[in-house]
> 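Let me give you the structure first, and then I'll get to my questions.
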Amino acid sequence: MKLYQKIMALVFGILTGCGIFCGWLLGANYEKRQMYRAAQAEVRSFESARYAVEWICQTEPAPGEGGESFRRLMERLFRQKLFDGCIWIAGGEVVCDTSLYEISWEGGWREEGRFQETEWVLEEGEGEYWVVIGSSLPWLGEDNYLFSVRDLTEVHRETMEFVRQFSLSWLLFVAAASLLAAAAAKLVLRPVGDLTQAADEVSRGNYGVRAKAGRQDEIGKLAAAFNLMAEQVESRIQELTLAGEEKERLLGSLAHEMRTPMTAVLGYSDTLLHVKLGERERRRALENIYEQAGYLQRLSAKLMELMALHQNESISMETQGMGALLEKAVSMAQARRPDREFKLYLEEDFSVQGDGDLLVSLFVNLLDNGAKASGSGQEVWAVAQKDRVLIRDFGKGMAKEELAKIREPFYRASSGREGLGLGLALCEQIVRLHHGTLRFESRKGEGTVATVSF
């Protein structure tokens, strides 16, 4: 069952329950009031009849003097329906009766004080209702009573008809209210359906789907939260996809890169095993094997360093002075490349939060790349400016096509064929871990500028 259907059923149940309770309460009170009003009207009519009996008694001879004459007069008046629905009891006997009912005489009424004044009571039996009204007639003597019995069944039926009409009207109202509630709930919950469809699309891998979030209510906030989650998921998926693609390219490049030295090692080893060489050729073969093995060792070390940076996202972040870091990096680069000139220019010293060893490795790699692209005796500058460091060489430079590829693992530009082609991949990862950016600018024949911004 859908949510709007549950809401409709809930509204229907609540309103129906309220209608039953209110209908029962209203019907009971309404019937009680109607019965009371009808009884009061009959009491007033009874009082008129009682007054008429008293008036006749005062104008006619008293019962003791001319009782038979009075009795015949009353019987005639009863037959003429002047006292319709009344019963006259005298001395325990019914003298006149124009009603359709019987009153059981009880001799203890006078001792109990009943019917000394006008009294009335409602009676019920077999689905019929009556009001019984009685009063003593003291001016006619003891044990004289006048009763009136009136049928109030029609009042009860009218009350039940009112309750029935009310119940029918209420059921129609409940049905209409439930349908309107269902329509309103469906309208209100429509964005939830859109949100569900968007979630289904995301679960199928369509991470670009977004829910409509123009509303300012709770559903709008939920849609906005969903969109934010979807953006984060999409961003993370893109990162994982790029990382996977990068690893695939890295492994492919690694396999291709290792093929040449391994082929050389196997070739020279096979030659040494199966071909009788002179001392000179044998030494040259061993030197080539040693050189290719060293290359594989450096390649393995660089790959281990790169993989460690990829896996270790948390690094030791401490305040580092850029001037001291660059001095150390320039000193190390100079020791590695004594035939190059490395110059440090501190236009504005500044501090960064980072790992000192990684930052020194970053700048040493960039300085070394600049040295590879430069000729003997050429200068390579390290310039510290506000929140950024420039590594500039004046070597051969690169064309735009080469500049777009230098970040790829194992790629070596034509301006510097030596090395493994992993230095800039390491630099990219170090800069990313320090939340910085690495940018290159180069012109053929004018050199290259690498800019690290923090």
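The basis for the numbers below is simple: all heavy atoms, side chains too, and nothing from hydrogens, waters or symmetry mates. Just so it is clear, the structure is predicted and the values come from calculations on it, not from any experiment.
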> Quick one: does E341's side chain get under 4.5 Å of V380's, heavy atoms only?
no
> Would you say that L122 contacts W130 through its side chain, given a criterion of any heavy-atom pair below 4.5 Å between the two side chains?
no
> Could you walk me through whether K328 and V330 satisfy the side-chain contact (heavy atoms from CB on, under 4.5 Å) test, starting with their C-alpha distance in whole Å, then the side-chain angles of each, then the deciding distance to 0.1 Å, before giving a yes or no?
CA-CA 6 Å; K328 187 174 181 180; V330 167; over 6 Å; no
> Side chains of S148 and R150 only: does a donor on one sit below 3.5 Å from an acceptor on the other?
yes
> Please find the pair of heavy atoms, one from R340 and one from S374, that lie closest to each other, and give the distance.
NH2-O, 3.0 Å
> Taking the side chain as everything from C-beta on, heavy atoms only, tell me whether Q385 gets closer than 4.5 Å to V389.
no
> Between E348 and K386, does any NZ, NE, NH1 or NH2 come within less than 4.0 Å of an OD or OE carboxylate oxygen?
no
> Between T241 and I237 (side chain of the first, backbone of the second, donor and acceptor by atom type, cut-off under 3.5 Å), is there such a pair?
yes
> Please enumerate all residues that pass side chain to side chain contact (heavy atoms under 4.5 Å, CB included) together with R44, with sequence neighbours excluded.
Q40, A41
> Please report the shortest heavy-atom distance between Y129 and D151, naming the atom on each side.
O-OD1, 2.9 Å
> On a heavy-atom basis, which atom in M398 and which in T448 lie closest, and how many Å separate them?
CE-OG1, 3.8 Å
> Do S136 side-chain atoms and Q116 backbone N/O form a donor-acceptor pair below 3.5 Å?
yes
> Please name the pair of heavy atoms, one in G321 and one in D349, separated by the smallest distance, quoted to 0.1 Å.
C-OD1, 4.5 Å
> Decide yes or no for Y345 and L390: does some side-chain heavy atom of the first lie under 4.5 Å from some side-chain heavy atom of the second?
no
> With side chains defined as the heavy atoms from C-beta onward, is the minimum distance between Q378 and S376 less than 4.5 Å?
no
> Apply side-chain contact (heavy atoms from CB on, under 4.5 Å) to C427 and N365, showing your working.
CA-CA 7 Å; C427 292; N365 273 286; 3.5 Å; yes
> Compute the centroid of each ring, for F342 and then for W381, and state whether the two points are separated by less than 6.0 Å.
no
> Indicate whether any N or O donor in one side chain lies under 3.5 Å from an N or O acceptor in the other, for Q320 and S351.
no
> Run the salt-bridge test on R439 and E441 with the 4.0 Å N-O cut-off and return the result as yes or no.
yes
> List the steps, then state whether side-chain contact (heavy atoms from CB on, under 4.5 Å) holds for F440 with V449.
CA-CA 6 Å; F440 292 93; V449 179; over 6 Å; no
> Taking only Lys NZ, Arg NE, NH1 and NH2, and the carboxylate oxygens of Asp or Glu, determine whether R283 and E287 approach each other closer than 4.0 Å.
yes
> Under a 4.5 Å cut-off applied to non-hydrogen side-chain atoms, are M332 and V360 in contact?
yes
> Does atom CD of E117 have more than 12 heavy-atom neighbours, drawn from other residues, nucleotides or ligands, at distances under 6.0 Å?
no
> Taking the side chain as C-beta and beyond, is there a heavy-atom pair between R388 and F350 under 4.5 Å?
no
> Which pair of heavy atoms, one from A450 and one from L366, lies closest together, and at what distance?
CB-CD2, 4.2 Å
> Please name all residues satisfying side chain to side chain contact (heavy atoms under 4.5 Å, CB included) with V431, sequence neighbours left out, ordered by chain then number.
L362, L438, V452
> What is the minimum heavy-atom distance between G85 and S99, and which atoms define it?
O-CB, 3.7 Å
> For atom CZ of R443, is the number of surrounding heavy atoms from other residues, nucleotides or ligands below 6.0 Å larger than 12?
no
> Does the pair S453 and T451 meet the rule for a side-chain contact (heavy atoms from CB on, under 4.5 Å), with working shown?
CA-CA 6 Å; S453 300; T451 304; 3.8 Å; yes
> Using the ring centroid of each side chain, check whether F147 and F115 are separated by less than 6.0 Å.
yes
> Given side chains that start at C-beta, do those of M322 and F454 come closer than 4.5 Å, heavy atoms only?
yes
> Please name the residue in the list V149, V155, L152 that meets the side chain to side chain contact (heavy atoms under 4.5 Å, CB included) test with V131.
L152
> Can you tell me if R236 has over 12 outside heavy atoms packed within less than 6.0 Å of its CZ?
no
> Can you sort out the partners of D270 under side chain to side chain contact (heavy atoms under 4.5 Å, CB included), two or more places apart, ordered by chain and number?
H274
